[in-house]
Amino acid sequence: MASSATAPNSLSFFSSSLFLSSSHQIPKTHISVSKFGSGRVSKPLSVASQLATLPIISFEGEKVGETYLDLKTAPEDTARAVVHRAIVTDLQNKRRGTASTLTRAEVRGGGIKPYAQKKTGNARRGSQRTPLRPGGGVVFGPRPKDWSIKINRKEKKLAISTAISSVASAEGGAIVVEEFGEKFEKPKTKDFLAAMKRWGLDPKEKAMFLMIDVDENVAKSSRNIGTLRMLTPRTLNLFDILNSEKLVLTPAAVEFLNARYGVDALEEEDEDDAEEGSEEAEE
């Protein structure tokens, strides 16, 4: 029997070389991990860095340079688990938990016995609001519930940076476009679609734009494109990253990602945490 070819390890549905090789490693750090049914414990989290080179494209669609994304990522053996935990947390925390049903004690009516106890040939019925009859109470129905679960801040940041690195490391997965907010003098979806084609983007494919500031004309020109998501650092989320096939950044967005999710940012946070821990120990 011929052995089947194994698919490359990649995050989500787009191909990526993120888990096949790593450029360099940084020392392990310790973060606080919350486990279900237990207290907070300190668990080592291995973190690597992934360097991705991205082309810079002008508004007219010509390549004018290159830039890079150097983000911290989870290693191959834990990347899927970290991203899965973060996306499950995000989706579960969106649940309102307001579904509610009435039990037989809460349903209106049922104070009188529907018919005599004996000599009817029917079952002994004490209330019309029994769960066995239409309009009666509900047995084990949904009740208001808090579905929210917790994830550590560093673990969630690591999941976002790992997902972005996966898109950026895939061939043609991410591009950088020069600032184009002032290029649109008035809202017009046709002009935005023409710009996307010049940048090599297919309007039928899901694309996520990350910009520091979204101009009003840009927002109105792109809001009618169902496959496009226009995000800012405030609205950046893991679901839209994993749900997109193309990632479009601006130079300012690249600087933000390197500063927020880069390896240097992780080292600075670790130093701050170490200082806080030493101060608490002294007290």
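What you see is a predicted model, and the numbers here were worked out from it, not measured in a lab.
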Taking C-beta and beyond as the side chain, do [X] and [Y] meet within less than 4.5 Å on heavy atoms?
X: L249; Y: V177; value: no
X: S165; Y: L69; value: no
X: L102; Y: V138; value: no
X: M208; Y: L236; value: yes
X: M196; Y: I225; value: yes
X: V82; Y: E155; value: yes
X: K220; Y: K186; value: no
X: N152; Y: K150; value: yes

Does [atom1] in [X] sit with more than 12 non-hydrogen atoms of other residues, nucleotides or ligands closer than 6.0 Å?
X: Y68; atom1: OH; result: no
X: E216; atom1: CD; result: no
X: N93; atom1: CG; result: yes
X: K113; atom1: NZ; result: yes

As an exercise, state the distance from [atom1] of [X] to [atom2] of [Y], rounded to the nearest 0.5 Å.
X: I149; Y: R95; atom1: CD1; atom2: CZ; value: 11.0 Å
X: K246; Y: E205; atom1: NZ; atom2: CD; value: 5.5 Å
X: L231; Y: I212; atom1: CG; atom2: CD1; value: 11.5 Å
X: T189; Y: L228; atom1: OG1; atom2: CG; value: 10.5 Å
X: R229; Y: S222; atom1: CZ; atom2: OG; value: 10.5 Å
X: R104; Y: S127; atom1: CZ; atom2: OG; value: 5.5 Å

Does any N or O in the side chain of [X] come within less than 3.5 Å of the main-chain N or O of [Y], such that one atom is a donor and the other an acceptor?
X: R129; Y: A105; value: no
X: S161; Y: K72; value: yes
X: D70; Y: G262; value: no
X: T162; Y: A79; value: no
X: R143; Y: T101; value: yes
X: T227; Y: P203; value: yes
X: E106; Y: T103; value: yes

Minimum heavy-atom distance [X]-[Y], with the two atoms named:
X: D215; Y: N217; value: OD2-N, 3.0 Å
X: T250; Y: V176; value: C-CG1, 3.9 Å
X: N237; Y: I241; value: O-CG1, 3.2 Å
X: A174; Y: A168; value: CB-CA, 4.0 Å
X: A74; Y: L158; value: N-CD1, 3.7 Å
X: P251; Y: E179; value: CD-OE2, 4.1 Å

Verify the cluster assignment for [X] and [Y]: are they in a single hydrophobic cluster under the rule of side-chain heavy atoms below 4.5 Å apart?
X: I57; Y: V254; value: no
X: V88; Y: W147; value: no
X: V214; Y: I175; value: yes
X: L257; Y: M230; value: no
X: F256; Y: F209; value: no

Query raised in the report: Charged N to carboxylate O under 4.0 angstrom, K156 versus D90?
Result: yes
Query - Pair K63 + E66, salt bridge at N-O below 4.0 Å - result: yes
Report task. Just jot down the side chain to side chain contact (heavy atoms under 4.5 Å, CB included) partners of F59, sequence neighbours excluded, or say none. Result -> F180, K183, F184, A195, R198, W199
